[in-house]
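Structure first, then comments.
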Amino acid sequence: METLLTPAFVTALLFGAVTAGVPLLLAGLGEQVSEKAGVLNIGIEGMMLAGAYAGFVAAYYSGSFLAGFVAGGLGGAGVAALMALFCVRLGMNQIVIGIALTLGAEGLTALLHHFQFSRSYPRLDAAPALALPGLAEIPIVGPALFSHHWLVYLAVLLVPLLAWVFRRTHLGLNLEAAGQMPAALDAAGIGVLATRTFAVLATGFLAGMGGAYMANVGAGLFVPFMTGGAGFMGIVLAMLARGRPSWVLVGSIVFGLSLSLTTAFQVAGVNVPTDVVQMLPFLMVMLMLVLFARHSGLPPALGLPYVRGSR
Amino acid sequence: MGKAPVLSLRGVTKRFPGVIANDNISLDFRAGEIHVLLGENGAGKSTLIGVLAGMQQPDAGEILSHGRAVRIGSPRESLGLGIGTVFQHVLLVPSLTVLENLMLGRGRASRLDRAGTLRRFHDLSQALAVSLDPEAKLGALSLGQQQQVEIMRALWRGEGVLILDEPTSMLTPQGVRELGEVMRRLRGQGVAVIFITHKLREAYEFGDRISVLRLGRLVGQLGPERLSAMNQEQATDEVIRLMFGSPSGHQGEAETLAGRGIRRRAGIIDRSGEAILRARDLSTVAETGECPLREVGFDLWPGEVLGIAGVDGNGQKHLAEVLAGQRMAAQGSIRLGGVEIGGTDVGARRRMGLRYITDERLGEGTVQPFSVATNLVMKEIGVAGLWRHGVSLWGRIHGHARERIREFDIRTPSERTPVGRLSGGNIQKVLLARELGSAARVVIFNKPTYGLDLQNTKLARDRIREGADAGLATVLISTELDELIELADRIGVMFQGRLAGIIDNREGVEQRIGLLMTGAAA
Amino acid sequence: MSRVAAGVLRTLIPIALALGAGALVLLALGADPIDYYAFVLRRGLLTWSGLQETITKLAPLLLISAGLIVAFRAGIWNLGVDGQFLLAAVVTAALGPALVGAIGRYPTLIVCALAGAAVGAAWSLLPAILKARYGLNEIITTLMMSFLGTSLANVLIKLPFKDPATTVPQTETLLVPDRLPRLFDSTIHAGVVLAVIVILLVHLLMTRTAFGLRLQVVGANPRAAVHAGLNVGRLTIATFALSAGLAGLGGAVEILGVWGTVRADWNPKFGLLAIPLVFLARFNGIAVIGFVFFFAVLLIGGESASRRMGVPTFFILVLVGLLLVFLALVEYLDHRRRERTKS
Amino acid sequence: ASAAEVTKIAVMVPEQGTDFGWNQQGVDAARIVAERFGLEFVPAEGLGYGDVRPTLRELADEGASLIIAHASGYNTAAPEIAVEKNVAVAIVDAPGSIKPGLVADYTLSGHQGAYLGGHLAATMSRTGTVGIVVSGEPPSWNSQSAAFALGAKAAKADIKIVYAVIGPAAYGDAAGGRRVTEQVIAAGADIVFGQGNGSSFGMIQAVETTKAVDGGKAWFIDVIGDKSTIDKGHLLSSVLWNMVPVYTAMVNDLKAGTFGTKAYTIGLADNSVALLKTKYIPQDIWDGIWGMRQQIIDGSLKVEEIYDAQAVRALMTSVSAQE
Ligand SMILES: Nc1ncnc2c1ncn2[C@@H]1O[C@H](COP(=O)(O)OP(=O)(O)OP(=O)(O)O)[C@@H](O)[C@H]1O
Ligand SMILES: Nc1ncnc2c1ncn2[C@@H]1O[C@H](COP(=O)(O)OP(=O)(O)OP(=O)(O)O)[C@@H](O)[C@H]1O
Ligand SMILES: [Mg+2]
Ligand SMILES: [Mg+2]
């Protein structure tokens, strides 16, 4: 039986874990930016889906993956713009709007797909892989981790970059203040609304890229509802990470691996329902929460609209 | 007087639902002049500041900067006009360090310039004669220190106008003196200082010009020449006349309002009986940025007022909370009327007649969006009379509220008004009305007159005195020495969590307390 | 009177706008909006047969909403109702058929309803304790528990509770005659009445009792609650139990009234609709009934209309999304108006 | 049950009838039958997996003579409504609940075809390993997975069979379908038997973009529908289902008053199950398969039916454990 667990297979498992993890990573990092700035972005699922659709359409007709990802980011940012308008500028309820945008995006993309593609189901070619010289030669791990589409490396580089932005730049301070004490940011002369708008748009762009990656690299095509809750996973990851990008990375790796683990178990002939394996990551996280439960340190202003000079 | 105004208000009006906070106000602020704004709670001082700082948009009127009409649409535009503001309520980010708070707003997306900021930080620390750890998390600092950071930030760009909204309310006498020095120095450098306070002594001491607001209107001004012509007494009388429109017939009132001729409580305390409240080596564990209690103990007899002096942040908060039952002591015992209550909760202690009037009126004292009526019964939800079998009798609850509002003269549109809409003084009256009921035996006051205007301060102090005269045992925590001297029978000093020597409130007590406060004789 | 009229108007205008936006989409799909909406109304509201379906749909949504009202008013964001609902449903479906033979119809119904509520409450225990003891944010924990609950429900259905009689992974079935009684000769089951009563009771509980007021204080300002001597920890746990218990009851009622069984991978995700509606109703139980009814009409009618006009059912999602946005807009404008006038 | 006049048939499917699979085949077949008998035809698509009683009742009220509830998820609700509304319904995967005149069951299983598919795969596999990827584990797919494994086994005793489920409720998880398929190919499979609605397009994508471990081309064997119109040269075959005979029989039985007395099935005999012949299948191999088809039809070769997920997995394990 173990003969099935060949190097090639292990490589594929790790490779798959990465492809499954990257959308979560992008969504989680994106959500983290919004949450830092005090916006609970429940609409991220819709942003991913919009990104997936826009990204696929662009990549399919232009034949360029780059175009696909840019379009995906813009698609996500488009939905985010609505979120920013309603929730940041007007201060409407973030949970209602978030859910509304998600439902709307699900329906709209499904409709568009229905009339555009449901007879032909067009598919992209394999995404070009960028093999990192040297690293990619390492047996098993090399091809699994260091021979991916460039967006994967970009997503991973985003982790230290964001960490740096959060801790070393004015933008980072502004975001932190917008979530911790918006009035203080305002008093310091930085527009809270603009800061949050910026954050939400950034979230939408990242989530959209995540969706586009899922469609163009992960699946190679678009089907309705294909994000299947990845956005909500992103929200959970962002909250668990408590503002630390590196934890989002860890989280998405764990979930990616657990998906591959499901397959590994089955191929290894371990006879358990997939649902059981699916529960593992959540069980792990809950366990960690129970063991190391401390204040989850969410921004005090999270979810609250800011109105200058109101009592 | 040749100085041209750097900043002027022309017929500025600002309305809020139910109130006209600023009513057609015209004022000039001149370079090198300390301009004091006086007025009751709710007179509209902070609103006026909000307008200048770009936090509030006036409904009518215009603002002139160096004679040029300007629109201050946002705080940034205010800063752009060289206006630095220290708001009444600290506006800093607790989760950031001092340095980071100072860097806030100095850029958009660029890199942080720690080195440069640190240099300026040290310069200003010198100028302001303060010593702060730039890397300390702001949330870990005492309110006084946080305010120093605010002032530093307001002065960062060497602003032309510096606005200080009740900066002295949480400073020690020493701190107030230092702040005065700073203001004078800035005046010397040609800064126009706008200084809001409720303390007439400070107004007279530091002010070159005093403007008085009343019910949103500008009711009078004492220019430099008139002010310098008057002695403190005349000035205060004049100000009080303006503030309360009380004809100089009520000299007595004026005197007490001005805090002159303080009558010490003549209450002769009978200490032969058993103390009603006995605290023995109470200690607590501190979270970050708090000062714990260290073996605090005292006795308190009925009708006695025990004053607790000390610089803010020396354990007063923990003491109050431990006594009230909001915080469990790590060790020690508390006996109320001979019964050990160390293990009981707030409710039980309240039922036994222990009351606590917190200094955090908004933070924990009230639920701002809830009505005055609800806040008045917040500590006895479910009591018979207002509830039957757990069912709320809203009719009675509102009736009860109307009584209290009348009795304590709470200024509110109605008992259904959200308490957050009331001015500081009236919120405090709500707390007093809630705590000083019939069944009270021991009352703990924490900074009861903090932020209150003269009238409300007088009202609060009268309540405390009356209570004590009626046999209430009172613990009075305050950073204001004259308040303690006016009300307390004995005064103890908190220093670094310890309660240093409790002494009788006699002549010359000031010096000894002053020493104890700095830990000298501790 | 005129205030009522104004209020109605303020709600109707945005609904009209939302339907207008939807109409544009319909035109793009080559369908006649008038016909579509006419079908929606006829099926969802104007025909007795359709109305029965609409009303039947209220039961689970109202019970979940009731649970949400309790939590939200206490400032606790229980976003895990779907997991609580699902687990309760599975346990009910497993218990019902097993019991009915032994103890008869009505005892079974009662036991199952209670069991469902208990299961729902139990599933919120961990988040409740983590919140009460360590102040751990419940949005994360309840979401996690919801994911967990969904998977666990499947495992239960596929392993211990699987009906051996069928190849389909589902529990045994509680037969129609053993389910909740139906009202008169309609297809509406008694659970709907229960749901309406429950949500009204919850409304009274929160607005007219000491317990409700305590919860609201905790919700509005936990520090004030501590200052007032309320046992925040215990109240928090009580809130979770009540909230999740009601969601669980919703699951039980849906099974006892409609399904009789649960199939693997079934997850109606009622929470996704109930949560926004409860917000739109500003946690007011009576208003929630109105909103839920409105959307039930939309779901029942929309499905029929889509079928009749050959519009893909995806369109209903778009319509729901649009309506939520525009209703949120009313809520917002109305809120602003109150802010301006209230004093 | 007495003879009834049949005027109108309705078919209910959970997703849009454009998936080249379960939903599309069901709707198309019903349409064909309706036309053949000159009946009014009502398709109800995209109903999802929630409560379909409202739709069932409405269709009954509209006077449908027969409602085909084409999803195993509907097989509890439909019989209930059949009794409530006294309307004839057809359900899948619940032979136990047939009722004369009211409820007929048609358990769709292409296991016979899948057996042939497994044979084809095993004989054509270069790597000696074939894969099975499913998006979920409904009975009809389980039986095909099992039959495929048995067929492969019969063709090559030492064949390795890699079985993988994408995840719970992953019907639309295209990315998951592709990921898992790629992993199965990496595990050595050069021919993948894939079952899944939306996700099966991800599987095809994987086969199209991944090389088998021997560096050669990977193949896909599809189920239910015929995707050759959108094939890019990797579709080896498909276990085709044709519900027309079943639905035809139902209508006839309805007219004859014998509806609900028997359970309908699809099979090789009447070509309602067939293996798709593509140009990639060498003639000699195809001939062998054709012969085997005869044996199955005349009963000399029995194909075991296994519907339970656990049993299927057990089978896979044992199958691959034997080497
Ligand atoms: N081009 C940019 N790159 C990075 N961050 C930006 C950029 N533009 C704006 N931001 C961020 O957005 C926030 C708001 O910027 P800014 O203060 O200019 O808005 P504003 O004009 O004051 O807003 P408003 O007009 O709403 O008051 C800041 O935190 C800044 O970091
Ligand atoms: N944001 C607001 N919304 C509603 N009413 C307000 C608001 N801000 C101030 N008010 C009201 O305007 C009036 C003036 O308030 P303001 O804070 O300016 O008084 P103040 O002179 O600063 O009082 P204090 O000495 O207590 O600080 C008060 O009646 C207050 O209730
Ligand atoms: Mg601006
Ligand atoms: Mg003020």
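The figures here come from the full heavy-atom set of this structure, side chains too, leaving out hydrogens, waters and symmetry mates. In what follows, chains are A, B, ... by sequence order, proteins preceding strands, each numbered from 1.
- Only the side chain of A:T19 comes within less than 4.5 Å of a heavy atom of chain D; its backbone N, CA, C and O stay farther away.
- In this structure, A:Y121 and D:F201 have parallel ring planes: the angle between them is below the 30° cut-off, well short of the 60° mark.
- One finds the OG atom of D:S145 at 10.5 Å from the CZ atom of D:R313 (value rounded to the nearest 0.5 Å).
- Residue D:T210 is tested with D:T181, D:I185, D:V192 for a side-chain contact (heavy atoms from CB on, under 4.5 Å); the sole match is D:I185.
- Contacts of D:Y163 with chain A are made by backbone atoms alone, with heavy-atom separations under 4.5 Å and no side-chain atom involved.
- If you tally non-hydrogen atom pairs under 4.5 Å between each of A:R123, A:R119, A:M214, A:H114 and chain D, the highest count goes to A:R123.
- Chain A forms more heavy-atom pairs under 4.5 Å with one residue of D:R179, D:E208, D:Q24 than with any other, namely D:R179.
- Relative orientation of the A:Y60 and A:F56 rings is parallel, given thresholds of 30° and 60° on the angle between their planes.
- Ring pair D:F148/D:F193 is parallel by interplanar angle, where below 30° counts as parallel and above 60° as perpendicular.
- For the set A:G220, A:A20, A:G228, A:A219, the count of heavy-atom pairs under 4.5 angstrom toward chain D peaks at A:A219.
- In this structure, chain D has heavy atoms under 4.5 Å from both the backbone and the side chain of A:S260.
- Residues satisfying the salt bridge (Lys or Arg N to Asp or Glu O under 4.0 Å) criterion with D:D222, sequence neighbours excluded, are D:K227.
- Interface remark: D:Q183 contributes backbone and side-chain atoms alike to the contact with chain A (heavy atom separation under 4.5 Å).
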